[in-house]
Amino acid sequence: MDIMTQRIKIQIFPNDQALFQLAATDFRARVLKVLNNNPFFSLALSGGNTPKSFFDVLTSQDRDIINFPWNKIKFFFGDERYVPASSSQSNYHMANQYLFSKLPIDPKNIFFIPTDLTDPNEAALCYEQTIRSELVCKNHVPCFDLIYLGLGDDGHTASLMPSSKSVEHYLKDPKHERLVESEYIKNLKMYRVTMTPRVINHASNIIFLVTGSDKAPAVAEVLEGKEDPLRYPAQLIQSLDGETIWYLDSFAADKLKKKSSYEY
Ligand code: 6PG
């Protein structure tokens, strides 16, 4: 997918701690820049395990907690497992444990995906209304200031799984009207709710945080392999008119052919 590498920025770090330290500095600068001209900063978080270390860095310094405008950030989720918010599998539960509970954040600024509704599709529709009402829209699509994403070792991102309905819908019609969709993921034996590529790609900035050697094959396929977004949905993700950045540690970047041109 060499086309992609021409339009995105890749930075490789010697290890995950160096990556998260820079990502935290980068995050703070982005928030302060947007808040210079806007009343709030809209941020969508990814789930899984990688964000835990990033959140630890963000919340490690008291000075960063007290002096930073956390209450001017609106927090959203790029995807969610359809489990109760109290479940250890919940992305909201993880973000609350590692981030929200450690910061002076008003709960009204946390917009979680309502997995307490019986019907996952109802939850997806409800969340779509939420992001439409909370965010500024461009071409009728809500625009996030920043969306963080992870990468699965199978090339998925958010809950855009290989050969999933959402991916098929987007490939058939990039202007497909749904911004949030739900789907039963057979191999995970659970429903997932996910933002679609359409709303993700409308974000001003998209940042992938990917660490670990288990991700190296997927990173190489997504960034340098042949174009096959049904198999590698992360290939669908590029900000339409903003920045798309991949922050990789050296282990996740290990199979990239052109890694020397990306070193941080
Ligand atoms: C989720 C995530 C998912 C995640 C990747 C990577 O709900 O699991 O949103 O897209 O980012 O699967 O997960 P790890 O960070 O745990 O490797």
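One-based numbering along the sequence shown. In this text the structure is predicted, and so the values were computed from the model without any measurement. In listed order, ligands and their atoms are each counted from 1.
The shortest N or O to N or O distance between Ser46 and ligand 1 is not under 3.5 Å. Remark: ligand 1 and Ala158 share an N or O pair separated by less than 3.5 Å (distance only, no angle test). The shortest N or O to N or O distance between Thr157 and ligand 1 is not under 3.5 Å. Inclusion of Leu149 in the set of residues having an N or O under 3.5 Å from an N or O of ligand 1 is not warranted.
Contact annotation for Asn91 and ligand 1: only side-chain heavy atoms (C-beta onward) come within less than 4.0 Å of the ligand. If you look at Lys215 next to ligand 1, the close heavy atoms, those under 4.0 Å, all belong to the side chain.
Between Phe76 and Phe111, the ring planes lie parallel to each other; the angle is under 30°, not in the 30° to 60° tilted range. Classification of the Tyr92-Phe112 ring pair by plane angle, with boundaries at 30° and 60°, yields tilted.
Among all protein heavy atoms, the one lying closest to atom 4 (C) of ligand 1 is Gly47 O, 3.9 Å. Here the heavy atom of the protein found nearest to atom 9 (O) of ligand 1 is Asp79 OD1, 2.7 Å. In terms of protein heavy-atom proximity, atom 5 (C) of ligand 1 is nearest to His156 NE2, 3.5 Å. Counting protein heavy atoms only, atom 6 (C) of ligand 1 is closest to Leu151 O, 3.5 Å. Of the protein's heavy atoms, Asn49 N, 2.7 Å lies nearest to atom 16 (O) of ligand 1.
Counting heavy-atom neighbours within 6.0 Å of Lys102 NZ, excluding the residue itself, gives a total above 12.
Taking the six-membered ring for Trp and the full ring otherwise, Tyr247 and Phe208 have centroids separated by 6.0 Å or more.
Tyr232 places no side-chain N or O within 3.5 Å of a backbone atom of Asp154 that could act as its donor or acceptor partner.
Each of Leu149 and Ile185 belongs to its own hydrophobic cluster when Ile, Leu, Val, Met, Phe, Trp and Tyr are linked at side-chain heavy-atom distances under 4.5 angstrom.
Applying side-chain contact (heavy atoms from CB on, under 4.5 Å) to Phe20 and the options Thr50, Thr25, Asn15 leaves one that passes, Thr50.
For atom 15 (O) of ligand 1, the nearest non-hydrogen atom from the set Leu45, Thr50, Leu209 belongs to Thr50. Looking at Arg81, Lys52, Met161 and measuring to atom 8 (O) of ligand 1, the nearest heavy atom belongs to Arg81. Closest to atom 11 (O) of ligand 1 by heavy atom, among Ala234, Gly152, Gly150, is Gly150.
The pair Lys52-Asp56 fails the salt-bridge criterion, with no side-chain N (NZ, NE, NH1 or NH2) lying under 4.0 Å from an Asp/Glu carboxylate O. Taking 4.0 Å as the cut-off between side-chain N and carboxylate O, Glu181 and Lys165 do not count as a salt-bridged pair.
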